[in-house]
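For reference, the structure discussed in these notes is given below.
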Number of protein chains: 2
Amino acid sequence: MPISEKQDPFKRSISHVLEIIGEGWSLLIIREAFFGVHRFEEFQSQLGIARNILTARLKKLCENQILERVPIKEGAKRHEYMLTTKGKELMPVLIALTQWGDRWIFGENSEPVIFMDKEHNEPIEKIKVLSARGIDLRPREIMVVPGPGSTPESKKRIEEMHRRLSSNGGA
Amino acid sequence: MPISEKQDPFKRSISHVLEIIGEGWSLLIIREAFFGVHRFEEFQSQLGIARNILTARLKKLCENQILERVPIKEGAKRHEYMLTTKGKELMPVLIALTQWGDRWIFGENSEPVIFMDKEHNEPIEKIKVLSARGIDLRPREIMVVPGPGSTPESKKRIEEMHRRLSSNGGA
DNA sequence: GCTAAAAGTTTTATTATAAAACTAAGTGGA
DNA sequence: TCCACTTAGTTTTATAATAAAACTTTTAGC
């Protein structure tokens, strides 16, 4: 993996996630898993991914507990790859990515797929950034502050960022 | 880019997005842009990215209209990179990724950064998948159907997926 | 006009990915 | 039980992407 901002927690906040799921095929493998694909050969034929790369990605996703290798049935030596809870909770990321693509690549009324509320059989809401009061926030209405996992350096970095944004009108 | 599922719209739905923003450093560049970084040298020093790669990524992000090259001031030949509306609308993706990392990598109370509602100075809500009725949906309560941009093949693929999931109890 | 920084290019080395052939173990049927 | 087929990989070799570092060219400030 090329991307390694070892320095401060501020930077690790996203880059560490990307080290786990940001590689080439990882998110596509996760998507297939959401859609019921669980076996090596199925991943391979659905994605057209090289088998050695698939091996490496599955291994890594398992190491990071996004997928879990489980025996096909009681005591079998052959296994399949199932999403863990950790993996399933990537759903919002996947949907947010898809909806962004629907809006900006495919266009408002040509989405290839629509996500549905299974129980009520109706499309889900667009994913939004909401305030604690339930109001839809636009990018410029959002800022960032150091969390409990911050360090002096990351605080400094956030300071710097605030200076930058305020001297700028918030681009 | 290695990932190219040219086939059906179903697959393009996410993989096409990943072709635009899924490469190595792209999302980190976009994150920096959100945080007020706009100049080549700043991106470079903040991220520690190789300069030739930065050049390539900035070029691609501009080509895809996520960033925009604008002159530093009226008529200047030197320029900076600003997020377009299209780029800014990646905010939910970035936040969803960050929040997933906060929960599953850093742990519930050691987030490096917290996203805030600027106006009210309070943390934003967690990003969720909501039904049209405003109810928080869990992964297994979500399904997918062909959209207006689907084709016979993608419909077939979705059929297949439904069979798979129903024969399986919805993993 | 001089100096330093800003924004890239170019070159070379390293690493990741792809394609295809190969292997070993499990499975299903005669 | 044995044979053929599938599954789940590994290995090898070729190709492409990325990194590091040095080099070039503007350009802003003094």
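Each chain gets a letter, A, B and so on, in the order its sequence line appears, and its residues count up from 1. Just so it is clear, the values below take in all heavy atoms, side chains as well, and ignore hydrogens, waters and symmetry mates.
Distances from the side chain of B:R69 to the nucleotides C:dG8, C:dT17, D:dG9 place C:dG8 closest. Of all nucleotides listed (D:dT10, D:dA8, D:dA19), D:dA19 comes nearest to the side chain of B:I53. In this structure, the nucleotide among D:dG9, C:dT9, D:dA8 sitting nearest to the side chain of A:E41 is D:dA8. The side chain of A:A50 has C:dA18 as its nearest neighbour among D:dA8, C:dA18, D:dT18. For B:F40, the listed nucleotide lying nearest its side chain is C:dG8; candidates were C:dT17, C:dG8, D:dA8.
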Short N/O separations, protein against nucleotides 22-26 of chain C, under 3.5 angstrom:
unit_1, atom_1, unit_2, atom_2, d
C:dG26, O4', A:R78, NH2, 3.0

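Ring planes of B:H16 and A:F106: perpendicular class, angle over 60° (limits at 30 and 60°).
Look at CH2 on B:W25: it is 13 Å from C1' on D:dA20, rounded to the nearest Å. Between B:N52 atom CG and D:dA20 atom P the separation is 10 Å, expressed in whole Å. In this structure, A:L54 places its CG atom 13 Å from P of C:dA19, rounding to the nearest Å. Distance CD (A:Q46) to C1' (D:dT7): 16 Å, rounded to an integer number of Å. As a whole-Å value, the separation of B:H79 NE2 from D:dA28 C1' is 15 Å. A straight line from CG of A:L47 to C1' of C:dA19 spans 16 Å, rounded to a whole angstrom. Separating the CD1 atom of A:I72 from the C1' atom of D:dG9 is a distance of 13 Å, rounded to the nearest angstrom. Atom-to-atom, CZ of B:F43 to C1' of C:dG8 comes out at 15 Å; the value is rounded to the nearest Å.
At least one side-chain nitrogen or oxygen of B:Y81 sits closer than 4.0 Å to the OP1 or OP2 atom of C:dG8. Side-chain N/O atoms of A:R39 include none lying less than 4.0 angstrom from OP1 or OP2 on D:dT6.
Using modelled atom types, one side-chain atom of A:Q99 and one backbone atom of A:I127 make a donor-acceptor pair closer than 3.5 Å. For B:Q44 (side chain) and B:I49 (main-chain N/O), a donor-acceptor pair under 3.5 Å exists by modelled atom type. Counting only distance, with no hydrogens or angles, the side chain of A:K86 and the backbone of A:N64 share a donor-acceptor pair below 3.5 Å. At least one donor-acceptor pair closer than 3.5 Å links the side chain of B:H38 to the backbone N or O of B:Y81. Without hydrogens or angle criteria, B:S13 side chain to A:P112 main chain gives no donor-acceptor distance under 3.5 Å.
Ion pairing between A:R163 and A:E160 fails under the 4.0 Å rule for side-chain N and carboxylate O.
In this structure, the separation between CD1 on B:I95 and CG on B:L90 is 11.0 Å, given to the nearest 0.5 Å. A distance of 3.5 Å separates CD1 in B:I14 from CG in A:L94, rounded to the nearest 0.5 Å.
Looking at B:I30, B:I66, B:L83 one by one, the single match for side chain to side chain contact (heavy atoms under 4.5 Å, CB included) with B:K88 turns out to be B:L83.
Nearer to the 5' terminus of DNA chain D, by closest-nucleotide assignment, is the contact made by A:E42 (compared with the other of B:I49 and A:E42).
End-to-end axis angle of the helix from C:dG1-D:dC30 to C:dA30-D:dT1, using five pairs per end and rounding to 10°, comes to 30°.
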